[in-house]
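Below is one structure. I have some questions about it.
In what follows, chains are A, B, ... by sequence order, proteins preceding strands, each numbered from 1.
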There are 2 protein chains.
Amino acid sequence: MNAGVADGRRYGELCPIALGLDVIGHRWALLIIRELFAGPKRFTDLEQGLPGIGSSVLAARLRQLEHQGLLTRHQLPRPAPAVVYRLTPRGAALEPVMVDLAGWGAIYLMGGDKDLARRGRWLLQAMSAAAGPPPDGIQTVNFVLDGEESHVRVIGGRLAARDGLGRDVTTEVRGSVHDLYQVAIAPVRSAAASGGFEIEGEREAADRMLDHLITGFQQAAESWRSKA
Amino acid sequence: MNAGVADGRRYGELCPIALGLDVIGHRWALLIIRELFAGPKRFTDLEQGLPGIGSSVLAARLRQLEHQGLLTRHQLPRPAPAVVYRLTPRGAALEPVMVDLAGWGAIYLMGGDKDLARRGRWLLQAMSAAAGPPPDGIQTVNFVLDGEESHVRVIGGRLAARDGLGRDVTTEVRGSVHDLYQVAIAPVRSAAASGGFEIEGEREAADRMLDHLITGFQQAAESWRSKA
DNA sequence: CGGAATCCTCTTCGATACTG
DNA sequence: CAGTATCGAAGAGGATTCCG
């Protein structure tokens with residue numbers, strides 16, 4: 001919280017980049033933030049979304065990030081004896097950094113090894129970040145990918161992917177994580193409806209959403225290819 | 001260079017943020033990039049600009065970043081038996097990430113401990129990043145801060161700070177690093193000419209540049225304060 | 001002198017086991 | 001469920017040495 005106070009190793013430079021990295025430059029820190037961008041989470045949810053993290057490292061990072069004011073611990077009130085972690089505005093202010101980093105790192109999605117962990121929501125986050133402002137009237141769509149639930153909605157004029165199903169959402173896309181990666185990464189633009197996606201509810205709303213996500217991602221990919 | 005191939009520890013996730021961090025998430029990596037944004041540098045220049053880095057870590061990072069296509073080694077041709085490191089387009093494509101991170105981390109400049117290392121160019125980079133597009137007709141200005149030479153010029157419609165004096169630049173600002181930090185960080189907007197800066201050449205050009213840098217930085221600081 | 005490799009110590013990480 | 005305890009392995013910091 002206090003300026004310049006960071007746990008762990010610091011760079012010791014009066015430079016905004018170095019000072020920022022003192023806070024979010026430690027291993028796993030930014031990925032914890034990524035998880036919390038999808039909504040508040042419990043300790044075990046985070047472990048689940050960060051394959052390979054050790055519980056002690058996760059606990060240490062959460063303590064540190066809380067201490068620095070990027071997230072808060074909430075004791076859930078009644079029936080559930082649970083603690084949830086939630087981003088503060090200061091943590092949420094990392095959004096542009098995350099979006100740019102996702103854009104920069106997206107070219108590594110192509111050719112990614114076969115044995116990398118995959119989550120549907122990671123890809124939905126990436127596609128939402130890559131896609132520009134959505135057309136007016138686009139509606140929230142639920143996704144169930146390999147049984148994992150998420151939804152994509154408009155927040156602040158841009159698309160954002162969140163965990164869990166949105167309430168009062170009447171459109172749902174079901175399919176496999178693998179297929180979504182295929183559709184997104186494939187150099188050839190596949191028709192939105194082409195994949196093995198099963199759509200429930202308003203097919204037109206689902207198509208609009210899928211089309212915007214895929215088109216935006218593909219166009220971004222195109223521009224990376226030409227620049228790199 | 002190849003997708004997903006990173007030296008050292010990897011996250012093993014098919015997510016653009018995790019894959020990006022596999023490349024630039026290691027300690028010192030982003031600060032090496034920051035140094036190279038100011039122009040090509042030799043090994044010892046980098047050591048000088050990264051106080052506390054070990055020579056073996058620096059050598060390892062340079063090897064890794066070269067291998068991944070973010071920078072290149074150049075054998076300088078004739079008289080100097082020197083090697084310079086230079087960003088590739090892929091490395092330079094990190095600019096938006098750096099700018100956003102500098103913006104996010106800038107609030108930690110206020111209240112920074114007294115014993116942090118300071119460099120005039122770090123602050124000039126930060127101010128250039130914070131300041132919006134400069135007015136038409138702004139001219140490149142040289143800075144000599146505590147004997148350290150840099151210059152600020154327009155690149156791609158925005159200000160950018162580089163190491164060394166610009167050639168054919170007729171305006172020079174001289175002063176101390178400490179004073180520039182004071183002027184930038186002070187909550188009260190000090191008049192550009194107020195500090196102990198000595199201006200040589202076209203005073204008006206220097207004032208325009210200082211005014212734009214300081215005003216831009218202060219306005220950015222204001223918006224951080226209100227948001228956080 | 002620039003550009004490292006080597007050696008040593010210390011910290012951090014990853015994995016597993018354990019506990020309120 | 002939400003962490004803490006522990007321990008071997010990997011990475012980082014610092015100094016010294018080496019080589020062209």
Side-chain angles (χ1 to χ4, degrees), chain A residues 6-13 18 21-32 35-36 40-67 71-86 115-117, chain B residues 6-13 18 21-32 35-36 40-67 71-86 115 117 163:
Chain A
D7 317 29
R9 256 200 267 264
R10 285 188 289 163
Y11 286 112
E13 301 182 356
L21 289 174
D22 284 343
V23 176
I24 54 154
H26 300 278
R27 190 162 167 82
W28 296 108
L30 225 40
L31 296 186
I32 293 172
E35 290 300 301
L36 293 180
K41 291 222 164 359
R42 291 171 305 170
F43 191 91
T44 29
D45 299 334
L46 288 167
E47 269 184 311
Q48 217 274 334
L50 300 165
I53 197 173
S55 56
S56 61
V57 171
L58 177 55
R61 284 290 170 281
L62 289 172
R63 229 177 295 124
Q64 174 201 345
L65 293 172
E66 181 191 9
H67 179 236
L71 53 85
T72 51
R73 277 171 58 100
H74 281 271
Q75 196 81 31
L76 277 197
R78 297 308 331 294
V83 177
V84 295
Y85 296 89
R86 186 188 304 273
D115 57 346
L116 298 177
Chain B
D7 316 30
R9 259 199 264 264
R10 285 189 288 162
Y11 286 111
E13 301 182 358
L21 289 174
D22 284 344
V23 176
I24 54 156
H26 300 280
R27 191 164 164 81
W28 295 108
L30 224 42
L31 296 185
I32 292 172
E35 290 300 299
L36 292 180
K41 293 224 163 1
R42 291 171 305 172
F43 191 90
T44 28
D45 299 333
L46 288 167
E47 268 184 310
Q48 217 274 333
L50 300 165
I53 197 172
S55 60
S56 61
V57 172
L58 177 54
R61 284 290 170 278
L62 289 172
R63 231 178 292 122
Q64 174 201 346
L65 293 172
E66 182 192 8
H67 179 237
L71 54 82
T72 51
R73 280 170 56 100
H74 281 271
Q75 196 80 30
L76 277 196
R78 296 307 335 296
V83 176
V84 296
Y85 298 87
R86 184 189 304 273
D115 58 346
D163 273 323

Whole angstroms only, please: what is the NE2-C1' distance between B:H26 and C:dC13? 13 Å

Of all heavy-atom pairs between B:A82 and B:R42, which one has the smallest distance, and what is that distance? CB-CD, 3.8 Å

Residue A:R9, side-chain atoms from C-beta onward, closest of C:dG14, D:dG13, D:dA2: D:dG13

By the 4.0 Å heavy-atom rule, please label A:A82 as base, sugar-phosphate, or nothing. sugar-phosphate

Taking side chain to side chain donor-acceptor pair (under 3.5 Å) as the definition, give me every residue that meets it alongside B:T72, ordered by chain and number, with sequence neighbours left out. B:H74

Nearest non-hydrogen partners of A:D22 and A:R10, listed with the distance: OD1-CA, 3.3 Å

Would you say A:W28 reaches C:dT12's phosphate, i.e. side-chain N/O to OP1/OP2 under 4.0 Å? no

Can you pull out the residues from residues 43-59 of chain A that lie within a 4.0 Å heavy-atom distance of DNA chain D? A:F43, A:T44, A:S55, A:S56, A:A59

Which pair of heavy atoms, one from B:P40 and one from B:R86, lies closest together, and at what distance? CG-NH1, 3.4 Å

Rounding to an integer number of Å, can you tell me how far B:L62 CG sits from C:dA4 C1'? 10 Å

In whole Å, what is the span from the CD atom of A:Q64 to the C1' atom of C:dT11? 14 Å

I'd like to know if the side chain of A:R61 and the backbone of A:R27 have a donor-acceptor N/O pair within less than 3.5 Å. yes

Looking only at side-chain N and O atoms, does A:R27 come under 4.0 Å of OP1 or OP2 in C:dG14? yes

Closer than 4.0 Å, any side-chain N/O of B:R73 to the OP1 or OP2 of C:dA4? yes

Reckon A:R61 has a side-chain N or O less than 4.0 Å from the OP1 or OP2 of C:dC13? yes

So what's the dot-bracket for DNA chain C: Watson-Crick or G-U pairs under 3.5 Å, [ ] if a pair crosses, | if it pairs off-strand? ||||||||||||||||||||

Between A:W28 and B:Y11, how do the two ring planes meet: parallel, tilted or perpendicular, split at 30° and 60°? perpendicular

Whole-Å gap separating P (D:dC1) and CD (A:Q75): 15 Å

Any side-chain N or O of A:Y85 under 4.0 Å from OP1/OP2 of D:dG3? yes

Separation of B:I32 atom CD1 from C:dA4 atom P, in whole Å? 12 Å

For A:R73 and A:Y85, run side chain to side chain donor-acceptor pair (under 3.5 Å): C-alpha distance rounded to whole Å, both residues' side-chain angles, the deciding distance at 0.1 Å, then the answer. CA-CA 5 Å; A:R73 277 171 58 100; A:Y85 296 89; 3.2 Å; yes

B:Y11 has an atom OH; how far is it from atom P of D:dA10, in whole Å? 18 Å

Quick test of your reading of the model: are B:D163 and B:K41 salt-bridged, counting only N-O distances below 4.0 Å? yes

Spacing of A:D22 atom CG relative to C:dT12 atom P, expressed in whole Å: 13 Å

Do B:I53 and B:L46 come close enough that some side-chain heavy atom pair is under 4.5 Å? no

Nearest heavy-atom pair of B:E13 and A:L50: which atoms, and what distance? OE2-CA, 4.0 Å

Rounded distance (Å) that lies between atom C1' of D:dA9 and atom CZ of B:R10: 18 Å

